[in-house]
Structures are given as structure tokens and as C-alpha cells.
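Let me begin by presenting the structure, written as C-alpha cells, before commenting on it.
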Amino acid sequence: MTRNARQPEPSIRRLRPVSAVILLLFAAPGSYGAVAIASAAPREVEFNESFLQRGGRSIDISRFNKGSAALPGDYRVGLYVNEVWQGQGRVSLRDIEAGSGNVQPCFDRDLLARIGVDLVKLSPEAVAWLDAGAGACLTLSELVPDAIATFDVGEQRLDISLPQAMLNKQARGYVDPKYWDDGVPAAMLRYNANVFRSESGSTSSTQSYLGVNAGLNAGPWRLRYSGNLTHNDETGTRYQNLQTYLQRSIEPIKSQLTLGDAYTDGNVFDSFGLRGAMLASDDRMYPESMRGYAPTVRGIASTNAKVQVRQNGNIIYETNVAPGAFEINDLYPTGYGGNLDVIVTEADGSVHVSTVPYAAPVNALRPGMNKYSFGIGQYRDDGIHLKPFVSQAAFQSGISNLLTVYGGAIFANSYLSGALGVALNTDYGAFGFDATLAKAGFDSLPDRDGQSFRLSYTKQFAPTNTNIALAAYRYSTSGFLSLGDAMRLRDLDDRGLAASMPGTQRGRLQATINQALGERYGSLYLSGSVQDYWNRSGTDTQYSAGYNNSYRRINYGLSANRQYDVNTGKWDNRFMLNIGIPLGSGAQVPYSMTTYQHDSRDGSNSIQESISGAIGADGALTYGLNAGRSTGNGGSNSVGANVGYAAPFASLSASASRSNSYTQTGAGLSGGIVAYPGGIAFTPNLSDTIAIVEADGAGGARVTNASGLRIDAWGHAVVSGLRPFERNDIEIDPKGLPMSVQLKSTQQAAAPTAGAVVRVRFETESGGRAVVLRAHLGDGKPLPFGAEVFDGEGHSVGVVAQASRIVAHKIGADTGELTVKWGGGQQCKLGYQLPTTLDGKAAPYYLTDSACI
């Protein structure tokens, strides 16, 4: 249901006493109430004042008969269509009939297109009005039958209700690229510094680290740099230049262009570093409902029907369709799958059920979707001296629900590789198979060529809810070398050290099984991997199993790990038991974690007890205490503590521990700085894609998007972790603001491009003070409940509330006169005199008495 469904009907509306109080208290200027302005003419209503608990006192609520009408003008608003955000836009409000108070939003062809109206479906009359309507204000209901527009003054948003038949079909979560925001020019710096000191007897060592990530934004371009500085007493100081690149989004082809240092995606070949140019598809540019793999559901409806899609008994999609063929291609990916039940309920009540297989094959795409990547430049690996020229191309293409094909090729100096594979979604699970051929040449070694084959399988077994997350086997012939192995061997060959080349992989098998045992019985997992080599004896083997559950507020888990040590030829078995218990009730109570571990390698046993928690309204101060005892190798006792504080400008941490004669201490500092046209902002956390909130005078208000984040004294806050190319809601909680500061809106939305610094402004009204006046008429009788109050310049500053009290905002002078007006043209004036301070301090509001004469 849209907001418009709550508009008043043309009959007498009954107002509950509590509702009336809330309405009047928050109808003052700067309040957050909605103002309904429908495309149909506003309807006048009368509230029956006999339902208000007034105790025989007079009241006047006639000013609410037409709502709180907005003034004509241009507004920058958030556009919401059927309660879904569509971006920011400018809307013009006009008084349709001069003096009527019928203020309505005006629509033209551009605005209709922006809100998703299919212009082809407009009537010939509506098209003619749009073509000839220069200077006219065309309302939404004139252009689109049964459509309604509602303007919310408090939130500065335009809510639009449109019939589904008039909308362009878009996938769920779709944000039109024209609303993507490249952000403002900005410079960013993220830093992470720590120092660590250890002492054992007469020996001590100090190590320090400083990591930096810097960036510059200009339009759609993003320049990024990362590096670190390390120092220790033995090796001295070293600086590493890790990565430098220039990147931008290219919307028409849903891709990212990267110039400089980059990494290939690893979907077809093993990922490797590249210094050059890369152009690759970016899944984030598609709506979330179009990313990853999910089958397309097709069917036929005989009537206007309801279609439900269920998975494992849960409804994951529901829609209404017209008679004829239908297609659903925007299902969200759901883990590793589970067959889909498609239930079509016709208008006559008949039901048709069909099943669509659904598992998640490796590298699978939706039908009709394609991905690609192309890179060219120097091979980059800091571990070797060679920097050969290399190029790679890879692709994936979704052919149908059953089949996805993928492949690629690598060309490098004396190296060539090609791959081709298929992903299959079947009733028996998801299969993937690919083959890779490679040929490598060397100066003093024989040339190598070979093949590598990979088979993968995933499946969820519905009867037992058993999920085989991944079972994969890869076999490589003795002559096969991946690009990375070939480059390392060539580097060793050039230095005459080819014999020291580590073993090359022969075969690898890995599998993971997850089993849910029911709501009360927890879950179980099993995993394992086995890998052997052509030129090295022994097999790397590892198995693990675990069980997790909870009883009331107690969490517990048991795990076992078995690993074969090739160097010693022995098995190492480890068992661990964890028990977690909150020490009290509430959001920030201390949490106790007890861990017991047994290691079969040396027969040792250890037990560790830790207590952690947070302090403060926002949990800004965190702490932890731990103590432990271990047997084996002489046994040891340990004790330690750590503390962290998320300050408004940075995050600080410190730790200390001692185990027998070994002592260690450490401290850390991290945070970020952003410089942009509006100033400089500091933050304890900084991600790549951010929003800078600007709200003048709102220092101390909490930004609800991030735990503990508040507006600083300069009216700034940095919101990190925004999702690129998606709608991100940013909301400010006005609780705690001075009564003299009002937010015109408390929520806005942004759709940044990757790496953008978007500027989100919240308009505020400040100045003057908030006053509560205990007023009465000259004869001692109370003022009419609901009467409006004006200042000396004729601005509305408040209303008369219960007990004849006036709640007034933005009172500027210490002394002055207010005018109270109510029905029938009646009015009176009252003077006031305010103290400049309250007990020597500025007060949030002032309370005084006055008579209205």
C-alpha cells in the first residue's frame, strides 16, 4: 500500500485524543510530518472536536482541515515509485487555481521517463498534452489514470503510486544509471599504524608498521595507491610500493577500465598480477537480483494469475502476471541452490505446479548474461625478477538454464595456454568441467607442455537438507605448468637454480559438506582436501569436522582437525571445544568464551578463558581480558588484555600479554582523512566508496547507517561501506539535537559509482531558541487548543498545545511579542522575556509565563 492510501476521505474524520496531541505537537515549523498533495484536488475535511479531551476548554483545529499545504516552488526531492527509491530529482509545485491552495507537482515527459512510466502506453490525449503543454502544469492523474503523487514536506520526497501496467519492466533493485553519482572531486588517505615490542629475558625486539592507501577522485576517474613502511631492530627500515592504478567505470558496457597495477579475476585461469591495462565486466553494475547464477523461470498463465516461486518450502518470489507466457529472470541467488517449485494460481482458483532444477555450477551465469575480461601488460610478481609481456582474455556466456560455456587464452613470452569449459545445472546437481592446455619454453631446460582437467560438483539434497558445497577434482599431466609456475621456473632457470623448483601439482581433491540438523539440534560440517605432486614425494592431506549449536543463550561448538606433516611423516590431530556465555542481559554485557584444545603431536592440552565487551552508548570503547594454561613442553601460563576506542577521528588500540618469561606489548592507530570541496573530514573507518554527510549545526546527531557514527562539530560525518551502483539509505537520528535545530529531512539515498565520494546534504533550520510558554487569555481562560502562533514578522513559529501551553521554535530575541490566531479571525498578542542563560548554561529550551491580550 502506498502512502496515498492514507489520504482523508470527504467525510468527517474522527481524531483520537492521543493522535490529536501528537499531531499538534509536531505540526510546528521544522517538524517531520508528511504533507499530502495528491494529483487529484485536495479534499477538505473537518475533525470532530467533540472527540478531543478538552475539559470544557475551547479548541481550534480548523487549520488542519486542508492539511499543511506546501508552498509553490521548485524542490529537490527523493523520487519514490511504489515505495521504491528512483533517485534524486527536481520537482516544480504549482498552485493550479490561484488562491485555491491546490498546490500540485507538475509532470513533463522527462519526469515521467525518470519515474519509469512506459511512454508508449500513454493515451493519445496525454501525448498531445505533453507535446503542447509548454508552460502548463500537467498533473500526474491527467497523464496516467489511477496514478497519485504525494509530496512529503518533512522528508523532501515525492511518493508516486503508478499502476503496474504503466511501468517499464525492470529487475528488482534496479537503479537507473542516470542516477548513478560519480561524486565530487576528493582526496582520501586511509592509514593503519602499529608498533609491537617483545621481551624474553635479556632479549628484546621492536617492530613497527605503517600502511597507507591514498586516492584522488576527479569525475569518473579514480587514482589509487597503496604502500607500507616497516621497521624492525634486525633488518632496519623498508618501504614497499604495493599498487598504483587509475580506474573508471564504463556504464554502457557494464565494465571497469584499469590502467596500472591490477589482478586478473581467476574465474578461468589462476589469478596473477598485471601492470598495464585491463578491461573487465563489473557485476556490481547489474541489479543485485541479476548477479550470480539463478535460473530463468518460464511458464504460461491462462488468466490473470498469481505466481509463487518456492525453494525448500520458503517463498522467494511472488508476482501477478497477465494471461499468456511469462518470464521471471530476476531471482536472487540463494547459496548453493535447491530445486524451485513454481506455483501458478489462476483466477478461477486452479493451481498448477512445476519444478525448475537449481544448483550453482562453478562459473555459471544466468541465461543471456555474458562476462569478459581482457588484460595486457607486464607480468607482476614481487617474488621473481622476470617481468615478461603477457596478455589474457577470458569469457563466460549463459546459454540456458542448463548450460553456461566459458574459456580463455593466455599469451606470454615463451608461454601459451588455452582453456574451455562448461557448467551444467541438472536435476542431479550442478556440474562443471573444463580443460586447460599449456606450453612453456625455457632457455636451458626442455620445453614443457601438458593438460589440466577439472571436474566440480555442487548439490543440495532437499530430503535431508544436506549441502555438498563443493566437490572438485583437478588432475594435471607432468608437463603442465600454470603461468605462475612457468614464470617461477624460468626465473630459477635464469639463475641456475632450476633444481630447487618446488613440486608442481599432480592431483587435488577437495570437498565440503554442510548438514543442518534442525532448529534445536544445530549443524554439522565436514571438509577435506588431498593434493600430491609430480616432483615431490608425499601427499598433503587435511580433514576437519565440526558441530555447532546453542542452548538458550549459551553457544557451543566442537571441532576436530587431522593433518599430515610431509616433513615428519606423522599425523597431527587437534580437538577443540568452545563455549560462549553472555554474562548478563543487554546489548553490551560482557561475553565469556572458554576454549579447550588437545594436540596429539606433543600430547599438550590448553585451556583459554577470555572476556570481552563494550562500554558507552555507541559501544565506542571495547575491551578484552584473557588468561590461559598449557601443558606440554614444560607447560606455560599466560595472561593478557586489550582495549580499543573508536574516537570520532580515528581508532586506537593497545594490548599487553605475558607468558612465563615472555612479554609483549603493542599499540595501534588507524583511520581516514577526506578532503573535498566542502572541507576536510576525519573518520575512524574509511572504505573505497563513501558518502560525506553534511548537516550544519547537527553536531552529535547519530548516523544510523554505522554503529557509533555521529555528526562532528563541523557538521560532517563519513559513511563508509556504501554499495556501488545500488541504492544506499543514509539516515540521521535527530534524537539529542538542540530544540533550536530542526532537520528538514532525516533520510536520503545515494547510488554512488565504484570508488565515489558522494556528498549528501541534510538541510537544517537553526537560529533562535525553543520556548514553551504557559499562556492564557486576559481573563485567565486558556487559549484555544490548536491555535497558530506567529512572530513579529508574521512567520508561523508554533501552536497552542494542551494545558494552554505554546510550543514555539526559532525565537530570536530575548524579548518580543507573539500573535495567536484562531477561527473567526480572532487573535491576541502576548509579550515574553527570556533569560539569556539557565543557571549559567545555555538551555535546550526555555519555560516562561505570559498573558495573551
Side-chain angles (χ1 to χ4, degrees), residues 183-197 205-248 256 258-263 271 273-276 278 377-378 380-383 642 644-655 665-692 706 708-709 712 714 716-722 724 752-759:
V184 297
M188 298 176 288
L189 176 66
R190 181 169 70 244
Y191 58 89
N192 177 24
N194 60 70
V195 60
F196 178 85
R197 180 174 177 81
S205 174
T206 302
Q207 303 175 24
S208 55
Y209 168 87
L210 172 63
V212 295
N213 295 84
L216 289 173
N217 286 8
W221 291 96
R222 318 279 183 247
L223 177 63
R224 296 292 186 265
Y225 169 82
S226 61
N228 62 59
L229 179 70
T230 58
H231 172 83
N232 66 52
D233 296 340
E234 296 179 359
T235 61
T237 303
R238 180 191 179 195
Y239 184 80
Q240 278 188 300
N241 180 356
L242 299 179
Q243 193 175 17
T244 304
Y245 63 89
L246 183 66
Q247 189 176 70
R248 68 157 295 165
Q256 292 285 344
T258 305
L259 305 175
D261 299 334
Y263 291 91
S271 178
L274 181 73
R275 176 168 291 172
M278 179 172 291
Q378 281 186 334
R380 188 168 67 93
D381 185 343
D382 293 336
N642 61 79
Y645 178 63
F649 309 118
S651 294
L652 301 92
S653 63
S655 64
T665 55
L669 174 69
S670 63
I673 306 172
V674 183
Y676 73 111
I680 298 178
F682 299 84
T683 177
N685 299 294
L686 184 64
S687 66
D688 191 54
T689 305
I690 64 173
I692 299 183
L709 182 62
D712 65 24
W714 296 276
H716 294 155
V718 178
V719 181
S720 294
L722 297 190
T753 56
V757 177
V758 296
R759 195 173 184 175

Evaluate the side-chain proximity of R190 to S670: yes if any heavy-atom separation is below 4.5 Å, no if none is.
no
Measure the shortest side-chain to side-chain distance between R380 and Y263 over non-hydrogen atoms and say whether it is less than 4.5 angstrom.
yes
Starting at OG1 of T230, measure out to CD of Q207 and round the result to the nearest 0.5 Å.
9.0 Å
Here the gap from L210 atom CG to L669 atom CG, rounded to the nearest 0.5 Å, amounts to 9.5 Å
Minimum heavy-atom separation for R248 and Q256, please, with both atom names.
O-OE1, 3.1 Å
For residues L686 and V718, determine if any side-chain heavy atom of one lies less than 4.5 Å from a side-chain heavy atom of the other.
yes
Between D261 (side chain) and T244 (backbone), is there a donor-acceptor pair under 3.5 Å?
yes
Return the orientation label for the Y239 and Y225 ring planes: parallel under 30°, perpendicular over 60°, tilted otherwise.
parallel
Determine yes or no for a side-chain-to-main-chain donor-acceptor pair under 3.5 angstrom, with S720 supplying the side chain and N685 the backbone.
yes
Got P677 and V184 here, is their nearest side-chain heavy-atom distance under 4.5 Å?
yes
Side chain to side chain donor-acceptor pair (under 3.5 Å) between R222 and T753: does it pass, once the steps are laid out?
CA-CA 10 Å; R222 318 279 183 247; T753 56; 2.8 Å; yes
Does the pair I692 and V674 meet the rule for a side-chain contact (heavy atoms from CB on, under 4.5 Å), with working shown?
CA-CA 9 Å; I692 299 183; V674 183; 3.6 Å; yes
Side chain S687, main chain G721, donor-acceptor under 3.5 Å
yes
Can you give me the closest heavy-atom contact between P684 and S651, atom names plus distance?
CB-OG, 3.3 Å
Pair Y209-N192, side-chain contact (heavy atoms from CB on, under 4.5 Å): steps then yes or no
CA-CA 8 Å; Y209 168 87; N192 177 24; 4.3 Å; yes
All heavy atoms of Y191 vs all of G672, minimum pair found to be CE2-N, 3.7 Å
Side-chain contact test, heavy atoms from C-beta onward, threshold under 4.5 Å: evaluate it for M188 versus I673 and give yes or no.
no
Might you point out which heavy atoms bring S226 and N241 nearest each other, and give the distance in Å?
O-OD1, 3.8 Å
Show your working on side-chain contact (heavy atoms from CB on, under 4.5 Å) between L242 and N228 and close with a plain yes or no.
CA-CA 8 Å; L242 299 179; N228 62 59; 3.4 Å; yes
Do D688 and R224 pass the side-chain contact (heavy atoms from CB on, under 4.5 Å) test, and can you show the C-alpha distance, the side-chain angles, and the key distance before you say yes or no?
CA-CA 10 Å; D688 191 54; R224 296 292 186 265; 2.8 Å; yes
Mind listing the closest non-hydrogen atom pair of G755 and T689 along with its distance?
N-OG1, 2.8 Å
Set out, in order, the CA-CA distance, both residues' side-chain angles and the distance that settles side chain to side chain donor-acceptor pair (under 3.5 Å) for T206 and R197, then state yes or no.
CA-CA 4 Å; T206 302; R197 180 174 177 81; 2.7 Å; yes
Rounded to the nearest 0.5 Å, how far apart are CZ of F682 and CH2 of W714?
7.5 Å
Within this structure, what is the CG-OG1 distance for the pair L246 and T258, rounded to the nearest 0.5 Å?
8.5 Å
Rounded to the nearest 0.5 Å, what separates atom OH in Y645 from atom OG in S653?
14.0 Å
For the student: nearest non-hydrogen atoms of L216 and A187, plus distance:
CD2-CB, 3.5 Å
Kindly compute the distance separating OG (S208) from CG (N232), expressed to the nearest 0.5 Å.
8.0 Å
I want to check something: taking the side chain as every heavy atom from C-beta on, are P185 and N217 in contact at a cut-off of under 4.5 Å?
no
